[in-house]
Colleague: 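The following block contains the structure, expressed as structure tokens.
None of these values were measured; they are calculated from a predicted model. First the proteins, then the strands, lettered A, B, ... as listed; each starts at 1.
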Protein chains: 2
Amino acid sequence: MSYSKDMRDLSHGDDAAAVNDLRSAVMRLGRRLKHQRVDESLSPTEMSVLGTLARCGQATPGELARREHVQPPSMTRIVALLEAKGLVTLEPHPDDRRQKVVRQTEEAEAMLEESRRKRNAFLAGLAAELTEDEWAKLRAAAPVLEKLAHL
Amino acid sequence: MSYSKDMRDLSHGDDAAAVNDLRSAVMRLGRRLKHQRVDESLSPTEMSVLGTLARCGQATPGELARREHVQPPSMTRIVALLEAKGLVTLEPHPDDRRQKVVRQTEEAEAMLEESRRKRNAFLAGLAAELTEDEWAKLRAAAPVLEKLAHL
DNA sequence: CGTTTTCCTTAGCTAGGGTAATGAGTTACT
DNA sequence: AGTAACTCATTACCCTAGCTAAGGAAAACG
């Protein structure tokens, strides 16, 4: 344990292996989750966008695209689909007429709640296989993963 | 903290929120990593398969498909691509002529090493933004994520 | 033996992203 | 003020990476 905070040596074997495992695990689990979509008719990214909106209240398509690490045209399509499903509203931006403001509807709110319940039911199946200690590790790591995703 | 190991209450708010964050973070980071592919011309899943082979030494297409959570036809194509790139060999199975044995070549070994170096270079950029404590949390969680992916 | 099952493969399809090009609106620079 | 350069959203088109359905050959089972 002799690394400083700022210049950790990532070519060191142990860290390299850890990084490798982390990447592999994240990708595999991501594929898994993609299939375990709690709400039919709503893609994982659409869900994620709704989640973001729930936290931020509102956002422009460009902001959402950056946040989800998706290209603007993709976000245009996603937002359009969400609007068609009545989960989101699109208003003109007050200060800048190029932009638009995306806001979630009450239906979206309700749907997220419903979806959260289904998700928990699914995870209950997996929960039995993890110890309390393992769950604690996941909870601790979640914010870090989030941070990493936004770096 | 009053949950037993076996019957944790997953409808409890904190766990539900944690699970939500975890899912969101994993998916976003997955998308991110997908773009940061260290070796052009090699998809994330192909990389993952090579990683698995590096650990297991050899496997049948069916085993690989199960491990990567992919359907058999997909694995057939992936393996064929890897063979075309000279990263993998396909031999008939000694005991069962329906099956085949997939083994990685020396080129794959070398490529994985090279790729590991590139990956670390990329991660070094992110490393500066994380504290040692945060890295520790990630390291602790990686095996759990892996386990979760295989449940 | 014949039937059923297992493993891999072929063929055809789709979803969910990406790039390139466009148009309208804003900012910056004389 | 006028114009050049930039930014945001969109449109049009393409491509990757998975899927399902169907089939052929080998093994297992009765």
Side-chain angles (χ1 to χ4, degrees), chain A residues 27-50 58-85 88-103 149, chain B residues 24 26-37 39-50 52 58-85 88-103 149:
Chain A
M27 303 232 44
R28 272 198 273 251
L29 185 54
R31 254 194 311 273
R32 190 82 191 279
L33 287 173
K34 192 173 156 188
H35 288 297
Q36 254 308 331
R37 64 177 61 173
V38 280
D39 189 302
E40 294 308 316
S41 86
L42 219 55
S43 84
T45 307
E46 289 173 306
M47 278 299 300
S48 189
V49 167
L50 286 184
Q58 59 169 46
T60 68
E63 286 166 356
L64 289 174
R66 278 188 294 277
R67 210 153 217 292
E68 302 292 327
H69 291 290
V70 152
Q71 293 305 307
S74 304
M75 189 50 71
T76 292
R77 228 168 342 104
I78 291 167
V79 166
L81 287 175
L82 287 176
E83 193 194 17
K85 288 170 192 161
V88 129
T89 62
L90 266 159
E91 305 160 24
H93 194 287
D95 303 344
D96 184 340
R97 284 185 296 177
R98 290 170 304 179
Q99 306 189 56
K100 292 184 178 170
V101 175
V102 187
R103 219 185 299 271
Chain B
S24 170
V26 166
M27 304 232 43
R28 272 199 274 252
L29 187 53
R31 255 195 310 275
R32 190 82 190 279
L33 288 172
K34 192 174 155 188
H35 285 295
Q36 256 307 332
R37 63 177 62 173
D39 189 301
E40 295 309 317
S41 86
L42 217 55
S43 86
T45 306
E46 290 173 305
M47 277 301 298
S48 190
V49 167
L50 286 184
T52 297
Q58 59 169 43
T60 69
E63 285 166 356
L64 289 173
R66 277 188 294 277
R67 208 153 219 291
E68 301 292 328
H69 291 290
V70 152
Q71 293 304 309
S74 304
M75 190 50 71
T76 292
R77 226 168 348 101
I78 291 167
V79 166
L81 287 175
L82 287 176
E83 192 194 16
K85 289 170 191 159
V88 130
T89 61
L90 267 160
E91 304 160 24
H93 193 288
D95 304 343
D96 184 341
R97 280 185 299 176
R98 291 170 304 179
Q99 306 189 55
K100 293 184 180 171
V101 175
V102 187
R103 218 186 299 270

Colleague: Let me confirm one number: the CZ-OG1 distance from B/Arg66 to B/Thr60, rounded to the nearest 0.5 Å.
Modeller: 6.0 Å
Colleague: Quick one: B/Met47 CE to D/dA17 C1', roughly how many Å, whole number?
Modeller: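 That distance rounds to 17 Å.
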Colleague: Listed in order of residue number, which residues of residues 74-84 of chain A have a non-hydrogen atom at under 4.0 Å from DNA chain C?
Modeller: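 Close to the strand are A/Ser74, A/Arg77.
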Colleague: Kindly compute the distance separating NE2 (A/His93) from CZ (A/Arg97), expressed to the nearest 0.5 Å.
Modeller: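 Rounded to the nearest 0.5 Å, the NE2-CZ separation comes out at 13.0 Å.
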Colleague: Rounded off to whole Å, could you give me the CD-to-P distance for the B/Gln71 and C/dT9 pair?
Modeller: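 Result: 15 Å.
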Colleague: How long is the straight-line distance from CD of B/Gln99 back to CD of B/Glu63, given to the nearest 0.5 Å?
Modeller: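 B/Glu63 CD to B/Gln99 CD: 7.0 Å, rounded to 0.5 Å.
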Colleague: Starting at atom NE2 of B/His93, determine the distance to atom C1' of D/dA26, rounded to an integer number of angstrom.
Modeller: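 My rounded result for the distance is 13 Å.
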Colleague: When rounded to the nearest 0.5 angstrom, what is the spacing between CG in B/Leu50 and OG1 in B/Thr45?
Modeller: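 Separation between the atoms: 11.0 Å.
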Colleague: Just N and O in the side chain of A/Thr60: are any of them under 4.0 Å from OP1 or OP2 of D/dC8?
Modeller: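 It does not, given that no N or O in the side chain of A/Thr60 lies less than 4.0 Å from OP1 or OP2 of D/dC8.
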Colleague: Who pairs with B/Arg77 by salt bridge (Lys or Arg N to Asp or Glu O under 4.0 Å), at least two apart in sequence or on another chain?
Modeller: none
Colleague: Do any N or O atoms of the protein come closer than 3.5 Å to N or O atoms of nucleotides 22-29 of chain C, and which pairs are they?
Modeller:
residue	atom	partner	partner atom	Å
C/dG25	N2	A/Arg98	NH1	3.3
C/dT26	OP1	A/Arg97	N	3.0

Colleague: Kindly point out which of D/dA9, C/dG16, C/dT10 is positioned nearest to the side chain of B/Pro73?
Modeller: C/dT10
Colleague: Applying a 4.0 Å non-hydrogen cut-off, can you work out what A/Pro72 is touching in the nucleic acid: base, sugar-phosphate, or nothing?
Modeller: base
Colleague: Rounded to the nearest 0.5 Å, what separation is found between the CG atom of A/Leu82 and the OG atom of A/Ser43?
Modeller: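 Rounded to the nearest 0.5 Å, the CG-OG separation comes to 8.0 Å.
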Colleague: Tell me: CD of A/Gln99 to P of D/dT10, nearest whole Å?
Modeller: 11 Å
Colleague: Would you call A/Thr89 and A/Val102 a side-chain contact if the rule is heavy atoms closer than 4.5 Å?
Modeller: no
Colleague: Within this structure, what is the CG-to-C1' distance between B/Leu90 and C/dT9, rounded to whole angstrom?
Modeller: 12 Å
Colleague: To the closest 0.5 Å, what do you measure between CD (B/Glu91) and CD (B/Gln58)?
Modeller: 8.0 Å
Colleague: Assign each of A/Lys100 and B/Thr45 to its nearest nucleotide of DNA chain D by heavy atoms, then name whichever residue's nucleotide is nearer the 5' end.
Modeller: A/Lys100
Colleague: Using the side chain to side chain contact (heavy atoms under 4.5 Å, CB included) rule, take A/Leu64 and A/Ile78 through it: C-alpha gap first, then chi angles, then the decisive distance, then the call.
Modeller: CA-CA 10 Å; A/Leu64 289 174; A/Ile78 291 167; over 6 Å; no
Colleague: Would you mind reading off the distance between A/Leu64 atom CG and D/dT10 atom C1', rounded to a whole angstrom?
Modeller: 15 Å
